[in-house]
Amino acid sequence: MDNRELYRRAKAALPNAYAPFSNFRVGAALLTDSGEVFTGVNVENSSYGGTICAERTACVKAVSEGFRHFKALAVAAEEEKAYPCGICRQFLYEFAPDLTVITGRDEEHLEIHQLSELLPEGFRL
C-alpha cells in the first residue's frame, strides 16, 4: 500500500471522530507488516484525561486483534496536518521504533518522517 492510499484511509475515518470539546477531528490508519490496515479516530471525554487519540485507537485495535509489528502510520485532520502527540509517539515506539509516519494537509502535500526522528530518544524496557 502506498503512502497516499494509507493517508486516504486515515482521512476517510474522520467522520467517526468524537471531538465535541476541541472540534479537532483526527483520523489515523496503521499498516501492519503483513498488510492489514487498522483505522482509528480521536475520542474525547468530559474527563479530559480519558481522551484517546486516533493513533492510539488504531494501535489498540490492531494489538487487540493480535498484530504487533507495524510498518507505517498515516494521520489526517480536516484542514491541516496533524502529528502524533508525545504520548502517541511513545506508545507507538513500544511496537515500532522505525515506523514511517505520514501526515499532510492533503494527499498531494504529504510529509514523511520516521518515528525515531519524531521521538529521538524513545524509551523501551
Side-chain angles (χ1 to χ4, degrees):
M1 175 172 299
D2 72 5
N3 294 340
R4 286 183 176 179
E5 176 59 26
L6 195 61
Y7 182 83
R8 280 193 289 273
R9 298 263 192 110
K11 198 84 165 176
L14 282 174
N16 295 326
Y18 179 74
F21 307 108
S22 71
N23 291 312
F24 187 70
R25 290 167 181 75
V26 179
L30 182 64
L31 177 65
T32 70
D33 282 355
S34 54
E36 289 82 8
V37 175
F38 290 87
T39 60
V41 296
N42 57 322
V43 180
E44 294 180 349
N45 189 275
S46 296
S47 169
Y48 294 129
T51 294
I52 185 167
C53 300
E55 300 90 333
R56 282 182 285 145
T57 299
C59 188
V60 167
K61 285 171 65 175
V63 170
S64 70
E65 294 297 323
F67 296 91
R68 305 281 190 280
H69 303 283
F70 308 114
K71 193 174 192 176
L73 171 77
V75 184
E78 290 178 314
E79 297 177 16
E80 58 190 89
K81 61 186 170 187
Y83 286 93
C85 73
I87 292 172
C88 288
R89 292 176 194 199
Q90 178 59 49
F91 192 91
L92 292 162
Y93 194 92
E94 181 80 18
F95 299 98
D98 297 318
L99 185 73
T100 298
V101 178
I102 303 153
T103 189
R105 68 177 199 267
D106 59 50
E107 67 180 81
E108 299 303 320
H109 299 91
L110 296 179
E111 294 182 13
I112 313 299
H113 300 278
Q114 295 308 116
L115 181 59
S116 57
E117 173 190 354
L118 298 176
L119 185 68
E121 296 296 326
F123 176 74
R124 283 181 88 182
L125 292 177

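Since the structure is predicted, the reported quantities are computational estimates derived from the model, not experimental observations.
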How close do P15 and A12 get, heavy atom to heavy atom, and via which atoms? CD-O, 3.2 Å

Which value, rounded to the nearest 0.5 Å, describes the distance between I102 atom CD1 and R4 atom CZ? 11.5 Å

With rounding to the nearest 0.5 Å, note down the distance linking CD in E80 to CZ in R105. 11.5 Å

Counting heavy atoms not belonging to F21, are there more than 12 under 6.0 Å from its CZ? yes

Where is the tightest heavy-atom contact between C88 and C53, given as atom of each residue plus distance? SG-CB, 3.3 Å

Is the number of heavy atoms from other residues, nucleotides or ligands under 6.0 Å of E79 CD greater than 12? no

Ignoring hydrogens and geometry, is there a side-chain-to-backbone donor-acceptor pair from K11 to A77 under 3.5 Å? yes

Going through the checks in order, is the side-chain contact (heavy atoms from CB on, under 4.5 Å) test met by E5 and E107? CA-CA 8 Å; E5 176 59 26; E107 67 180 81; over 6 Å; no

State plainly whether the residues K61 and E65 are in salt-bridge range, i.e. N to O under 4.0 Å. no

Aromatic ring pairing Y83/H113, orientation class (parallel under 30°, perpendicular over 60°, tilted between): tilted

Could you tell me if the side chain of V41 sits less than 4.5 Å from the side chain of Y18, heavy atoms only? no

Spacing of CZ belonging to R25 relative to CG belonging to L14, to within rounding of 0.5 Å: 9.0 Å

Flag the pair V63 / R68 as yes when at least one side-chain heavy-atom distance between them is below 4.5 Å, and no otherwise. yes

Give the minimum heavy-atom separation between A13 and G40, together with the two atoms involved. CB-O, 4.1 Å

For the CZ atom of R9 and the OG1 atom of T39, what is their distance to the nearest 0.5 Å? 8.5 Å

Validation row: T100, I112 side chains within 4.5 angstrom (heavy atoms): yes

Restricting to non-hydrogen atoms, name the atom on F38 and the atom on A62 that form the minimum distance, rounded to 0.1 Å. CD1-CB, 3.5 Å

Please report the interatomic distance CD(Q90) to CG(L118), rounded to the nearest 0.5 Å. 13.0 Å

Output for pair (I87 CD1, R89 CZ), nearest 0.5 Å, gives 12.0 Å

What are the two closest heavy atoms between T103 and A82, and how far apart are they? OG1-O, 2.7 Å

Flag, side chain of Y93 to backbone of L119, donor-acceptor distance under 3.5 Å: no

Any donor-acceptor N/O pair, N42 side chain to F24 backbone, under 3.5 Å: yes

Measure the shortest side-chain to side-chain distance between D98 and S116 over non-hydrogen atoms and say whether it is less than 4.5 angstrom. yes

Angle between ring planes, F70 versus F95, binned at 30° and 60°: parallel, tilted or perpendicular? perpendicular

Are L73 and L110 co-members of a hydrophobic cluster defined by side-chain heavy atoms under 4.5 Å apart? no

Evaluate the side-chain proximity of L92 to C59: yes if any heavy-atom separation is below 4.5 Å, no if none is. yes

Quick check: is L115 connected to F91 through a chain of hydrophobic side chains (ILVMFWY, heavy atoms under 4.5 Å apart)? yes

Tell me whether L99 shares a hydrophobic cluster with V75, the cluster being built from Ile, Leu, Val, Met, Phe, Trp, Tyr side chains joined at under 4.5 Å. yes

